[in-house]
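Read the structure below first, then the notes.
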Number of protein chains: 2
Amino acid sequence: MRAEALSGRTLGELALALGVRLPEEPRRAKGIPGQLLERALGADGGSRPEPDFGALGIELKTVPIGPEGRPRESTYVCKVASLEIAHEEWPSSRVRRKLAHVLWVPVAAVGALAERRIGAARLWQPSSEEEGDLRADWEELAGLLGSGAVEEITAHRGRFLQIRPKAADGDERGVMPGPDGTTVATVPRGFYLRSSFTERILGS
Amino acid sequence: MRAEALSGRTLGELALALGVRLPEEPRRAKGIPGQLLERALGADGGSRPEPDFGALGIELKTVPIGPEGRPRESTYVCKVASLEIAHEEWPSSRVRRKLAHVLWVPVAAVGALAERRIGAARLWQPSSEEEGDLRADWEELAGLLGSGAVEEITAHRGRFLQIRPKAADGDERGVMPGPDGTTVATVPRGFYLRSSFTERILGS
DNA sequence: ACGGATCCATCATTGGATCCAG
DNA sequence: CTGGATCCAATGATGGATCCGT
């Protein structure tokens with residue numbers, strides 16, 4: 001209900017109501033729309049690993065929508081956890097837990113930040129087909145990670161779920177399992193949903 | 001040499017030279033003298049676990065000196081590391097490493113913060129006797145910690161080295177080994193040198 | 001007097017994502 | 001187009017210690 005009430009409002013209106021200054025340059029505003037919506041909807045906030053609406057177990061995701069009506073960007077899901085990934089199974093995986101129940105809020109990614117309008121939110125849980133698609137990609141990727149092939153993984157892999165860097169820059173380093181039980185220092189990575197997947201959700 | 005050059009200067013002079021505003025209330029300035037000296041001496045700074053002067057392996061400690069010429073406070077050494085303490089031995093312990101080579105800088109703890117004067121620095125390494133004293137206390141305390149008796153330890157223990165809380169407040173919690181291989185959540189603690197010990201160093 | 005409680009600055013980490021060169 | 005690179009806010013952890021009631 002709170003999300004529906006925000007439909008049609010601009011980010012500038014939200015920022016004003018919350019007393020937040022919007023950055024001038026777009027590239028300095030990467031996470032801002034998501035944080036405005038967290039606050040406007042009374043999400044628990046902060047950097048804790050719990051869902052945004054902890055008591056409800058619901059995750060909030062904002063999606064930038066281009067002029068054609070389709071998502072302009074992929075959606076970050078969670079980190080690739082180096083130590084856990086080898087022993088993780090899909091049912092208890094971080095990816096599955098994170099995507100178990102999501103409130104998707106589209107935001108028009110057109111024009112100045114302050115003029116961008118919030119669209120109709122959609123509360124979603126994966127259908128059997130959607131979960132099957134995610135699981136297939138996840139199992140392929142987790143298998144590679146578990147065998148120490150992290151350096152072989154590019155963002156090309158996965159039909160709907162992919163792995164890409166998640167770091168302040170390309171020089172950052174984290175430990176990941178390497179070949180034959182060794183470890184390698186490489187750029188930290190995260191799971192992302194391709195925009196083809198979010199398009200399917202938001203379009204249906 | 002840089003430390004000697006600072007002898008006789010006030011903290012106000014240092015703050016001015018470094019462009020730092022000193023807090024009005026003393027209780028809001030707890031770590032400030034130490035941080036001013038780090039900067040003035042070109043210490044590596046920050047919160048890394050390395051020595052202040054990394055290349056030299058030297059730790060910087062400021063000591064507040066009362067009107068009678070003796071240290072007014074104990075000196076914090078390092079955290080009590082819950083997981084390591086059970087397997088640690090004195091020669092490789094964090095306490096010993098931290099105190100292996102210290103530059104002690106006395107600061108008169110009299111009057112307003114800005115008027116307090118820096119004294120004559122002393123570059124120190126523990127003598128055999130001093131190390132023996134520290135080791136005896138450390139082994140007693142480490143033994144208690146290893147046996148899970150953390151809750152039994154008060155600051156009364158140890159002639160020269162003691163264990164006290166090290167936290168933002170008394171509600172903070174960290175894990176420590178408890179009795180019989182269990183763990184307990186208790187306030188995080190640190191090792192401190194009693195002022196009787198630093199008095200011995202600075203007086204000699 | 002001093003043991004337990006507390007305070008600040010800075011860096012590291014996490015969660016929010018979008019940018020942009022080829 | 002899009003894979004790899006990057007940017008911000010807010011917490012959490014670490015290192016600097018001193019405060020202050022009993």
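Keep in mind the model is a prediction, meaning the values are calculated, not measured. Every chain is numbered from 1, with letters handed out A, B, ... down the list of sequences.
- Phosphate proximity of C:dC8 to B:R28: present, with a side-chain N or O under 4.0 Å from OP1 or OP2.
- For D:dA17, the OP1/OP2 oxygens have no side-chain nitrogen or oxygen of B:Q35 closer than 4.0 Å.
- The interatomic distance linking B:R189 (CZ) with C:dG4 (C1') rounds to 10 Å, in whole Å.
- In this structure, A:R194 fails the cation-pi test against A:F160, since its NZ or CZ atom is not both closer than 6.0 Å to the six-membered ring centre and inside 45 degrees of the ring normal.
- Per the geometry, CD belonging to A:E199 stands 15 Å off C1' belonging to D:dT2, to the nearest Å.
- Residue contacts shown for B:E50 are absent, as no nucleic acid heavy atom lies under 4.0 Å away.
- OP1 or OP2 of C:dC7 has at least one side-chain nitrogen or oxygen of B:R27 nearer than 4.0 Å.
- Regarding contacts with the backbone of C:dT14, a side-chain N or O of A:K79 is found under 4.0 angstrom from either OP1 or OP2.
- For the pair A:K61 and A:V102, the tightest heavy-atom approach, listed with the atom from each and the gap, is CG-CG1, 3.9 Å.
- Looking at B:L41 and B:L103, their side chains come closer than 4.5 Å, going by heavy atoms from C-beta outward.
- The residue among A:I32 and B:K98 whose nearest nucleotide of DNA chain D is located toward the 5' end is A:I32.
- At whole-Å resolution of the value, CZ in A:R39 and P in D:dT11 are 9 Å apart.
- Using a 4.0 Å cut-off, no side-chain N or O of A:S74 falls inside it from OP1 or OP2 of C:dT18.
- B:S195 has no side-chain polar atom (N or O) that falls below the 4.0 Å cut-off from OP1 or OP2 of C:dC2.
- The side chain of A:K166 has C:dG15 as its nearest neighbour among C:dG15, C:dC20, D:dT18.
- Taking for each of B:P26 and A:R21 the nucleotide of DNA chain D with the nearest heavy atom, the 5'-most of the two is the partner of A:R21.
- Side-chain contact between B:L193 and B:L134 is present, with heavy atoms from C-beta onward closer than 4.5 Å.
- Between C:dA17, D:dA10, D:dT6, one nucleotide has an atom nearer to the side chain of A:Y192 than all others, and that is C:dA17.
- Among the atoms of the strands shown, only primed sugar atoms or phosphate atoms (P, OP1, OP2) are found under 4.0 Å from some heavy atom of B:G34.
- Residue B:R72 places none of its side-chain N or O atoms closer than 4.0 Å to OP1 or OP2 of D:dA17.
- Residues B:W138 and B:E88 have side chains in contact (heavy-atom distance under 4.5 Å, counting atoms from C-beta outward).
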